[in-house]
Asker: 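Dumping the structure here so I can ask a few things about it.
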Amino acid sequence: MTSRIDRIAQQRQQKLDRIRACGINPYPHKYHRSHTTHQAIALLEQQEGSSTVEATVVNLAGRVMANRPMGKISFLDIHDSSGKIQLYFHKEHLSEENLGLFKDLDIGDIIGVSGKLFRTKTSEPTLEVENFTLLAKALQPLPEKWHGLSDIDKRYRQRYLDLIANTETKEIFKMRSQVITAIRQFLNQRGFLEVETPVLQPSAGGALARPFVTHHHTLDQDFYLRIALELHLKRLIIGGFDKVYELGRIFRNEGISTKHNPEFTMLESYEAYADYNDVMSTVEEMVSKVSQQILGTDKIEFGGNTLNLKPPWQRISLQQTIEKYSGIDFKKYPDTDSLRNEMLKLKMEVDPQKDRGRLIDELISTFVEPNLVQPTFLLDYPVDMSPLAKTKPDDDRLVERFEAFAGGMEIANAFTELNDPIEQRQRFLKQQEERQAEGEAVETIDQDFLLALEYGMPPTGGLGVGIDRLVMLLTGQQSIRQVILFPQLKEKP
RNA sequence: GGGCCGUUAGCUCAGUUGGCAGAGCACCUGACUUUUAAUCAGGGUGUCACAGGUUCGAGACCUGUACGGCCUACCA
């Protein structure tokens, strides 16, 4: 018994055989197209607006997306990445070879067409096809034309079908590309140098996340995929590049959710002689400029709210904000146990493994984060949870660090970088002891980074921005998988 | 990791109380010289996710598995 899809494939195979039997190559090497479909429509408008511009023959190419036969004539739509255009085929005006080929044409095939542009009586821009070429025969049927492809699993696993069938998907990824371009322009204009640093690292530092491990055969050595860009970029600040950034993929071997993908794109930038106040201005200006450049506005819709990205963003103290939303002033509970007890009073389920920094983090994500819909900077984090940030001049229990939130999501993290090599070493050691005490996996200390710091790093403001989340924000998507072309999924058996 | 929901034709989806497996699109055949999800006539091509169980009889009920979605947990 043949399945339906086998039968369709069989029919297409027969068409392919017929086409080959006519001496036609169904997969030729190239096609010279003179215009995109978008350019062709602009050209038609130009012809119509002028009595001197004569209709000329143009060559277009694209995928056949619709066929409306009407006896001796047929209307087909082809799509290319610029848009779509209608084609008009008149069977009596086609060569014998073209007519035979036309009969074996399917929706999904890619063709090149030449002819003159005109408008039908319903004023649809149309190309009257004088000659056409098969550029690629499709053996699989496309998803349905009206509903598109809505099976979310299939959209991710066969993203090409999602892109063919759903124009909104295409728009999201065009915008993602534009966001990244706009960020590059913004930073380049401000004198930042774009650099590339290693993905494979002997120790994964700069953040606290479980890394992926891999192995280099020739060196017979394990490597980690990077979990942050931080430590290498700071080496470059030490090396004398005053403003550097990297837009790169990082990898964290942790949970997958609507806001987490195991590999994601991070922007990190470092600016010598700046502190976190300078970085704050940069972030709000960058995000608002990028939004204006791409959406034409800095007021965006996200999750049913209108977010105003125009600077200045609200700046609020972490301590006061936690107190405001949870009633807990963590300053009054300087050790882990007293803070945990206070959290238990609120009937929070508190993991006894968590240290003070992680407890505070839990307070942020439970009470604060969902409330930060308008873009907001949360300022001055406890030193316990920020080993790479410099303490405040007047309070060595807090560091000059901020996180930026919008739409209830964390989108950026930044601090005045710790540049005292002795203190940095102590912080790493303290962190390692705590990890060990908790019986958790201990990251090796990046000794080479500590050595670099000993040569002297200027005061520096550092920034990390989750690009995927920023794109979610600007495109109004609630799931990170909608803004990653090929999100991580379990393999189908 | 836990909870809830989903998986039926290539795609989008129906399928009632357990009683012959359905529709639209796509595809095939035919008609049609300006259509726009063209229209009209005819054609159903299926491992009902997978494996068991209950039953005279299971797409439907029960158990397990896989994959996905949402929530939750984890997450600098």
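Order of the sequence lines sets the chain letters (A, B, ...), proteins ahead of strands, with each chain counted from 1. Atoms considered below: every heavy atom in the structure, side chains included; atoms not considered: hydrogens, waters and symmetry mates.
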Asker: Please say which of A:Q426, A:R427, A:R425 ends up in a side-chain hydrogen bond (donor to acceptor under 3.5 Å, both in side chains) with A:E423.
Answerer: A:R427

Asker: Ignoring backbone atoms, test whether A:K145 places a side-chain nitrogen or oxygen under 4.0 Å from the OP1 or OP2 oxygen of B:A38.
Answerer: yes

Asker: Can you run down the salt bridge (Lys or Arg N to Asp or Glu O under 4.0 Å) pairs that involve residues 81-103 of chain A, sequence neighbours left out, and say none if there aren't any?
Answerer: A:K72-A:E92

Asker: Counting only Watson-Crick or G-U wobble pairs whose two distances fall under 3.5 Å, which nucleotide matches B:A38?
Answerer: none

Asker: Of the nucleotides B:U34, B:G69, B:G68, which has the atom closest to the A:R157 side chain?
Answerer: B:G68

Asker: Counting Watson-Crick and G-U wobble pairs only, both distances under 3.5 Å, name the nucleotide matched with B:G18, or none.
Answerer: none

Asker: Any side-chain N or O of A:K154 below 4.0 angstrom from OP1/OP2 of B:G68?
Answerer: no

Asker: Taking atom types as they are modelled, is there a donor-acceptor pair under 3.5 Å from the base of B:U35 to the side chain of A:Q86?
Answerer: yes

Asker: Run the ring-centre check on A:Y270 versus A:Y245 and record whether the distance is less than 6.0 Å.
Answerer: no

Asker: With sequence neighbours excluded, what pairs up with A:D162 under the side-chain hydrogen bond (donor to acceptor under 3.5 Å, both in side chains) test?
Answerer: A:R155, A:R159, A:N166, A:T169

Asker: Pairing check on B:G68: which nucleotide meets the Watson-Crick or G-U wobble criteria with it, both distances under 3.5 Å?
Answerer: B:C5

Asker: Looking at B:G10, I'd like to know if its phosphate oxygens (OP1 or OP2) sit under 4.0 Å from a side-chain N or O belonging to A:R12.
Answerer: no

Asker: Any donor-acceptor pair under 3.5 Å between the side chain of A:H260 and the base of B:C75?
Answerer: yes

